[in-house]
Undergrad: 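My structure is below; once you've seen it, I'll send some questions.
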Amino acid sequence: MIAGGKRNVLGVLVDAVDYDGAAAQVVRAAHERRPLALTALAVHGVMTGVLDPAHNARLNAFDVVTPDGQPVRWALNLLHGARLADRVYGPELTLRVLARCAAEGLPVYLYGSTDDTLGRLVPALGRLFPDLRIAGTEPSKFRAAAPGEDRAIADRITASGARVVLVGLGCPRQEVWAYAMRPLLDMPLMAVGAAFDYHAGQLRNPPAWMQRYALEWLWRLGLEPGRLWRRYLLLNPAYLARLAAQKSGLWRATPPPPADERPASFAV
C-alpha cells in the first residue's frame with residue numbers, strides 16, 4: 001500500500017497513492033462516519049484547475065486526489081520521485097471500493113448521470129457484487145441547485161443509510177458537487193468520472209496496451225470526437241508544456257491555498 005501524501009503537479013495537489021491506499025482511505029472514512037472527498041484526475045482534470053484558480057483551490061481542499069491518467073502518474077514520478085508503478089484509474093478504483101463495501105456491509109448511494117444509465121448500472125453492479133447494498137440512486141438534474149436543494153439532497157442520502165456516495169456528474173461538475181456537499185454529509189464522496197457509463201456498459205474500455213501507454217485519450221477521442229476534441233487536442237499539449245516548465249524551474253507552479261467557502265451555486 002502506498003499513501004505518500006500530496007505533491008504539486010502544475011499547482012494542483014495530487015496524492016502519491018496506489019489503489020490500495022486510496023481505497024483504504026475511503027473505507028476507513030465510511031466506517032468512522034466522517035466526511036471525505038476524493039477525485040481521480042487525468043490531464044483534463046488537472047488542467048481545469050490550472051486554468052481556473054478558484055477551482056484549483058477547491059481541488060486542493062480534497063482529501064484525496066488520485067493520478068487517474070498515466071501522464072499524471074508520470075508527473076508524480078518525474079517531479080517528486082514517487083515511483084508509482086500504476087495510475088489510480090477512477091473506474092477501476094470504483095470497483096475496488098465497491099468490492100470492499102460489499103464485503104464489509106457498507107451501503108452505497110449512486111448520484112448523477114441519467115435514469116437510463118443508472119437503470120443499467122444497478123443490475124450490472126449486482127452481477128459483479130451480489131452482496132453489495134445499493135442504498136439509493138439519484139440522477140442529475142442537469143441544472144444549478146435551487147435554494148436549499150443541497151440540504152434536501154443531503155437529507156435524502158443520509159436517510160437512505162448510505163455510507164459511501166459515488167458521484168458521476170463529469171469533470172469538473174462532480175468535483176464542485178463533492179466539494180460543496182462534503183460539509184453536509186458524514187461519509188466519503190467519490191467523484192468517479194465516466195465510471196457509471198463504463199460499468200453500465202455504455203462506454204467501451206480501450207485495450208490494455210492503450211491504457212498502459214497513455215493513449216486512452218485517443219480511444220475516447222475516436223468515440224466522441226465532437227465533444228472531446230478540444231479537451232484532448234488543446235489541453236494535452238498545454239499540460240506537457242507546463243510540466244516541462246515546472247520540471248525545469250521556469251515556472252514555480254505555486255499551489256493556491258485550499259478553498260474553505262462553499263460555492264453559492266453548483267450543478268446538481
Side-chain angles (χ1 to χ4, degrees), residues 6 12-13 15 22-23 25-41 45 48-49 52 54-66 68 90-91 93-94 97-98 101 106-115 117-118 121-122 133-197 256-268:
K6 296 189 177 295
V12 177
L13 299 179
D15 286 80
Q25 292 182 67
V26 172
V27 172
R28 187 181 309 120
H31 280 298
E32 295 174 357
R33 295 181 176 269
R34 59 178 170 83
L36 178 142
L38 176 148
T39 187
L41 295 187
T48 60
D52 181 348
H55 188 60
N56 195 344
R58 286 192 291 267
L59 292 175
N60 289 352
F62 270 61
D63 301 280
V64 184
V65 175
T66 76
D68 177 277
L93 178 61
T94 297
V97 169
L98 290 177
C101 288
L106 296 168
V108 175
Y109 199 95
L110 308 176
Y111 187 93
S113 195
T114 64
D115 277 317
T117 297
L118 292 172
L121 179 61
V122 170
R133 294 167 56 197
I134 303 293
T137 67
E138 188 167 341
S140 172
K141 288 77 176 170
F142 298 99
R143 57 166 172 76
E149 190 172 12
D150 52 352
R151 294 190 179 276
I153 292 170
D155 288 345
R156 287 196 294 273
I157 294 173
T158 299
S160 76
R163 297 309 319 144
V164 174
V165 182
L166 303 185
V167 188
L169 293 173
C171 175
R173 294 183 300 276
Q174 62 191 8
E175 283 79 20
V176 180
W177 191 96
Y179 169 81
M181 295 295 291
R182 179 177 55 181
L184 306 182
L185 292 162
D186 63 346
M187 63 192 75
L189 313 176
M190 290 180 58
V192 297
F196 285 14
D197 292 320
D260 59 5
E261 293 185 4
R262 296 185 71 233
S265 181
F266 58 96
V268 294

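All values below were derived from every heavy atom in this structure, side-chain atoms included, with hydrogens, water molecules and symmetry-related copies excluded. Residue numbers start at 1 and run along the sequence shown. Nothing here was measured: the structure is a model prediction, and the numbers come from that model.
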Undergrad: Sorted by first residue and then second, give each side chain to side chain donor-acceptor pair (under 3.5 Å) pair with at least one member in residues 145-154; sequence neighbours left out.
TA: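 Checked against side chain to side chain donor-acceptor pair (under 3.5 Å) - neighbours excluded - the pairs reaching residues 145-154 are Arg143-Glu149, Asp150-Arg262.
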Undergrad: Is the side chain of Thr117 donor-acceptor paired with the backbone N or O of Ser113 at a distance under 3.5 Å, no angle test?
TA: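 Between the backbone of Ser113 and the side chain of Thr117 there is no qualifying donor-acceptor contact (under 3.5 Å).
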Undergrad: Decide yes or no for Ile134 and Pro107: does some side-chain heavy atom of the first lie under 4.5 Å from some side-chain heavy atom of the second?
TA: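 Ile134 does not reach Pro107 side chain to side chain.
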Undergrad: Tell me, do Arg156 and Glu138 make a side-chain contact under 4.5 Å, heavy atoms counted?
TA: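 Yes - at least one pair of side-chain heavy atoms lies under 4.5 Å apart.
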Undergrad: Say you draw a straight line from OG of Ser160 to CG of Asp155; how long is it, rounded to the nearest 0.5 Å?
TA: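 If I round to the nearest 0.5 Å, the distance is 11.0 Å.
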Undergrad: I need the Arg33 CZ to Asp186 CG distance, nearest 0.5 Å.
TA: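 Arg33 CZ to Asp186 CG: 6.5 Å, rounded to 0.5 Å.
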Undergrad: Quick one: side chain to side chain contact (heavy atoms under 4.5 Å, CB included) partners of Pro35, sequence neighbours excluded?
TA: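 By the side chain to side chain contact (heavy atoms under 4.5 Å, CB included) rule, Pro35 matches Arg182.
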Undergrad: Is there a side-chain contact between Leu13 and Phe62 (heavy atoms, below 4.5 Å)?
TA: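 Of all side-chain heavy-atom pairs linking Phe62 with Leu13, none is under 4.5 Å.
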Undergrad: Taking all non-hydrogen atoms of both residues, which atom of Val164 and which atom of Ala30 are closest, and how far apart?
TA: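 Taking Val164 first and Ala30 second, the nearest heavy atoms are CG2-CB, 3.7 Å.
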Undergrad: Going by the side chain to side chain donor-acceptor pair (under 3.5 Å) test, which pairs reach into residues 162-180, not counting sequence neighbours?
TA: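 Residue pairs passing side chain to side chain donor-acceptor pair (under 3.5 Å), neighbours aside: Thr39-Glu175.
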Undergrad: Mind checking whether Leu38 and Gln25 have side chains closer than 4.5 Å, heavy atoms only?
TA: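 Sidechains of Gln25 and Leu38: no contact.
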Undergrad: Is there side-chain contact between Ile157 and Met187, with at least one heavy-atom pair below 4.5 Å?
TA: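 Yes, at least one pair of side-chain atoms sits under 4.5 Å.
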Undergrad: Contact between Leu166 and Phe196 at the side-chain level, heavy atoms closer than 4.5 Å - yes or no?
TA: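 They are in contact (side-chain heavy atoms under 4.5 Å apart), so the answer is yes.
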Undergrad: Output the distance between atom OH (Tyr109) and atom CG (Leu189), rounded to the nearest 0.5 Å.
TA: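 Reported value, rounded in 0.5 Å steps: 12.5 Å.
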Undergrad: Would you say the side chain of Val12 lies within less than 4.5 Å of the side chain of Leu41, judging by non-hydrogen atoms?
TA: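 Yes. Closest side-chain heavy atoms under 4.5 Å.
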Undergrad: Can you tell me how far CG of Asp115 sits from OG1 of Thr137, rounded to the nearest 0.5 angstrom?
TA: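 Output value for this atom pair is 7.5 Å.
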Undergrad: Report yes if some heavy atom in the side chain of Phe266 is under 4.5 Å from a heavy atom in the side chain of Val268; otherwise report no.
TA: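 Counting from C-beta outward, Phe266 and Val268 do come under 4.5 Å.
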